[in-house]
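Just so we're clear, the structure is a prediction, and the values are computed from it rather than from any experiment. Start at 1 with the first residue, then count along the sequence.
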Amino acid sequence: MSFSTLSHTSTAGSKLPISLLLQTLHKWLGLIVGLQLLIWVVTGLAFNLIDERFLDANPYRTTHKTASPATALAPTENLLQQYQAEGIIELKLTSVLERAVYALTTTQQTRWFWAESLKPLSLNDAEIVAIAKQSYSGSGELSTPQILTRETPFDASGPVAMLTAADEVETRIYIDTASGTVLAHQNRQSDLKDLLFMLHFMDYAPDNGIGFNHLLVQVVSIAALLLGLSGIYILGHKFHQGQLSLPFLRRKNSIGKLALFTQDAQPLAEFTDLNGTYLESINRGRERLRTQCGGGGRCGLCKLRFVEQPPSPNDYDLDKLTATELAQGIRLSCQHEAHPGKLELVTKAQHRYWPQSEQ
């Protein structure tokens, strides 16, 4: 037994080789990035194939033209003086249900007041329904306003009221009760659009906002980078260990015989078509050595003992074989290029299966 084999066997079983750890990481990264890539492709294809009008959230939304207030406006001096300490930014005149409204913006918040009385704007259910009707051109009957207690994606200054319309797309109207502003129209079909956007941009967290560069995108981007780097390392490592070769650089078949023996050193078979690995050469034409991983070095069922000059063990040998097996010249036949020589079966299962394969 050579010194290199001894050095390899001394480390066998102590820890998983770094290349195998990287391969495991590479596979999981490939799964994560691959799934998101598939989602990108499917959702992008959906956006291209589905008619944009089908996903429209505003088929019945209209813009109501407000008339000039007919009532006299209250002086604003007292109002401005009351909130001067907060730092006034803007005082704007707008309207809600044909009534004039002051929108006072300070450094802290925006408040709305009825312009004729300077009382804080407050809307009852009937007024909320009236606002919703002004923005809705469909024939469906509107429901009673429902104040939402859950978090919403809308930039509202107060509680958000939702009304549903009994139409074919199940329109929903959202109103900011603090300002009387119609925040949005949504429906069953726009929900599909929102779902596609969520999947496409990985916008699974409600706090992401409208920015694309959120944490999950950064995580997947880093995963894609690690996937590429680990793939480059694995390819280089496999080429270095002789596990990969380019077709135009692949050597010709070895000339000679590969003799296979039982554990009792009884002749079992001879092979002359030595192309590929030992496992490929032995199983050419029919399966004689049964495996579960198909020659991927993961199951360890294809191990054979080299009677003469065993090759240096690679990472898969070190991972699947014990130090004793390595010292005895046992290697995974799927991991080494076939050459003329003598090999022996090493397990009873291999002996039991071998006669069945030759029948």
Checklist entry - Hey, does the side chain of R284 reach the backbone of D273 with a donor-acceptor pair shorter than 3.5 angstrom? => result yes

Checklist entry - Is the backbone of L20 close enough, under 3.5 Å, to the side chain of D315 for a donor and an acceptor to pair up by distance? => result no

Checklist entry - Judged by modelled atom types alone, do T105 and T110 share a side-chain donor-acceptor pair under 3.5 Å? => result yes

Next on the checklist: Filter on salt bridge (charged side-chain N to carboxylate O under 4.0 Å, His left out), then keep only pairs touching residues 116-129, sequence neighbours left out; what's left?
Outcome noted: R99-E116

Checklist entry - Side chain of E170, backbone of Q189: donor and acceptor closer than 3.5 Å? => result no

Next on the checklist: What I'd like to find out is whether the side chain of N187 reaches to under 4.5 Å of the side chain of P59, using heavy atoms alone.
Outcome noted: yes

Next on the checklist: For H336 and N314, which I'm curious about, is there any donor-acceptor pair between the side chains at under 3.5 Å?
Outcome noted: no

Checklist entry - Which residue pairs pass the ring pair (Phe, Tyr, Trp, His ring centres under 6.0 Å) test when at least one of the two sits in residues 117-151, sequence neighbours left out? => result Y60-Y136

Item to check | Pairing residues for E344 by the salt bridge (charged side-chain N to carboxylate O under 4.0 Å, His left out) criterion, not counting sequence neighbours | outcome: R305

Checklist entry - Got I173 and L142 here, is their nearest side-chain heavy-atom distance under 4.5 Å? => result yes

Item to check | ILVMFWY cluster membership beyond I232 - transitive side-chain contacts under 4.5 angstrom | outcome: none

Item to check | Single-linkage hydrophobic cluster L196~W40, side-chain heavy atoms < 4.5 angstrom | outcome: yes

Checklist entry - Tell me the ring pair (Phe, Tyr, Trp, His ring centres under 6.0 Å) pairs involving residues 153-193, sequence neighbours left out? => result F154-Y174

Next on the checklist: If hydrophobic clusters are built from ILVMFWY residues whose side chains come within less than 4.5 Å, do L225 and L31 share one?
Outcome noted: no

Next on the checklist: Do K303 and T347 make a side-chain contact, defined as non-hydrogen atoms from C-beta onward lying under 4.5 Å apart?
Outcome noted: yes

Checklist entry - Are D167 and S139 side-chain neighbours, meaning at least one heavy-atom pair lies under 4.5 Å? => result no

Item to check | I131 vs V182 side-chain heavy atoms within contact, under 4.5 Å | outcome: yes

Next on the checklist: Treating H200 as the side-chain partner and L195 as the backbone partner, does any N or O pair qualify as donor plus acceptor under 3.5 Å?
Outcome noted: no

Next on the checklist: Counting neighbours of CD on Q218 that are heavy atoms of other residues, nucleotides or ligands and sit closer than 6.0 Å, is the number greater than 12?
Outcome noted: yes

Checklist outcome for this item: Those residues at least two apart in sequence (or on a different chain) that pass side chain to side chain donor-acceptor pair (under 3.5 Å) with K193 are none

Checklist entry - Is the backbone N or O of W354 less than 3.5 Å from a side-chain atom of R290, with the two atoms forming a donor-acceptor pair by type? => result no

Checklist entry - At their closest point, which heavy atom of L321 faces which heavy atom of L326, and how far apart are they? => result CD1-CD2, 3.8 Å

Checklist entry - Is there a chain of hydrophobic side chains (I, L, V, M, F, W, Y, each step under 4.5 Å between heavy atoms) that links V129 to I147? => result no

Checklist entry - For the hydrophobic clusters of this structure (ILVMFWY residues joined by side-chain heavy atoms under 4.5 Å, transitively), does one cluster hold both I234 and I32? => result no

Checklist outcome for this item: Correct closest heavy-atom pair for L279 and C334 would be CD2-CB, 3.6 Å

Checklist entry - Short question: side chain of T177, backbone of V160 - any donor-acceptor pair under 3.5 Å? => result no

Checklist outcome for this item: Minimal heavy-atom distance between S281 and A338, with the atoms involved, is OG-CB, 3.4 Å

Let me check something: any side-chain donor-acceptor pairs from residues 73-92 under 3.5 Å, sequence neighbours excluded? List them with distances.
| residue | atom | partner | partner atom | Å |
| --- | --- | --- | --- | --- |
| E86 | OE1 | T106 | OG1 | 2.8 |
| E86 | OE1 | R111 | NH1 | 2.9 |
| E86 | OE2 | R111 | NH2 | 3.0 |

Checklist entry - So, for L289 and N283, which heavy atoms are closest and what is the spacing to 0.1 Å? => result N-OD1, 2.8 Å

Next on the checklist: Starting from Y102, can I reach L121 by hopping between I/L/V/M/F/W/Y residues whose side chains sit under 4.5 Å apart?
Outcome noted: no

Checklist entry - Is the closest side-chain donor-acceptor distance between T181 and S179 under 3.5 Å? => result yes

Next on the checklist: Out of the candidates Q23, Q335, R331, only one should pair with Y316 under the side chain to side chain donor-acceptor pair (under 3.5 Å) rule; please name it.
Outcome noted: Q23

Checklist entry - Under the 3.5 angstrom rule, does the side chain of R288 hit a backbone N or O of I282 as a donor-acceptor pair? => result yes

Checklist entry - So do the side chains of Q36 and V33 get within less than 4.5 Å of each other, counting heavy atoms only? => result no

Checklist entry - For L45, which fellow cluster members are found when Ile, Leu, Val, Met, Phe, Trp and Tyr are connected by side-chain heavy-atom distances below 4.5 angstrom, either directly or through intermediates? => result L49

Checklist outcome for this item: Taken in chain and number order and not counting sequence neighbours, the residues that satisfy side chain to side chain contact (heavy atoms under 4.5 Å, CB included) with S157 are W112, D176, A178

Next on the checklist: Under a 4.0 Å threshold between the charged nitrogen and the carboxylate oxygen, would R172 count as salt-bridged to D191?
Outcome noted: yes

Checklist entry - Judged by atom type as modelled, is there a donor-acceptor pair below 3.5 Å linking the side chain of S190 to the main-chain atoms of Q186? => result no

Item to check | Qualifying ring pair (Phe, Tyr, Trp, His ring centres under 6.0 Å) pairs, either residue in residues 266-286, two or more places apart | outcome: Y278-F306

Item to check | Any donor-acceptor pair under 3.5 Å from E325 side chain to T322 backbone | outcome: yes

Donor-acceptor contacts, no H, no angles, side chain residues 258-270, under 3.5 Å, sequence neighbours left out:
| residue | atom | partner | partner atom | Å |
| --- | --- | --- | --- | --- |
| T262 | OG1 | D264 | N | 3.2 |
| T262 | OG1 | Q266 | N | 3.1 |
| Q263 | NE2 | V346 | O | 2.9 |

Item to check | Pairs flagged by salt bridge (charged side-chain N to carboxylate O under 4.0 Å, His left out) wherever residues 40-63 is involved - sequence neighbours left out | outcome: D51-R53

Checklist entry - S95 side chain to E98 main-chain N or O, any donor-acceptor pair under 3.5 Å? => result no

Next on the checklist: Within the structure provided, determine whether L29 and L25 are in side-chain contact (heavy-atom separation under 4.5 Å).
Outcome noted: yes

Checklist entry - How about L345 and L304: do any of their side-chain heavy atoms sit closer than 4.5 Å? => result yes

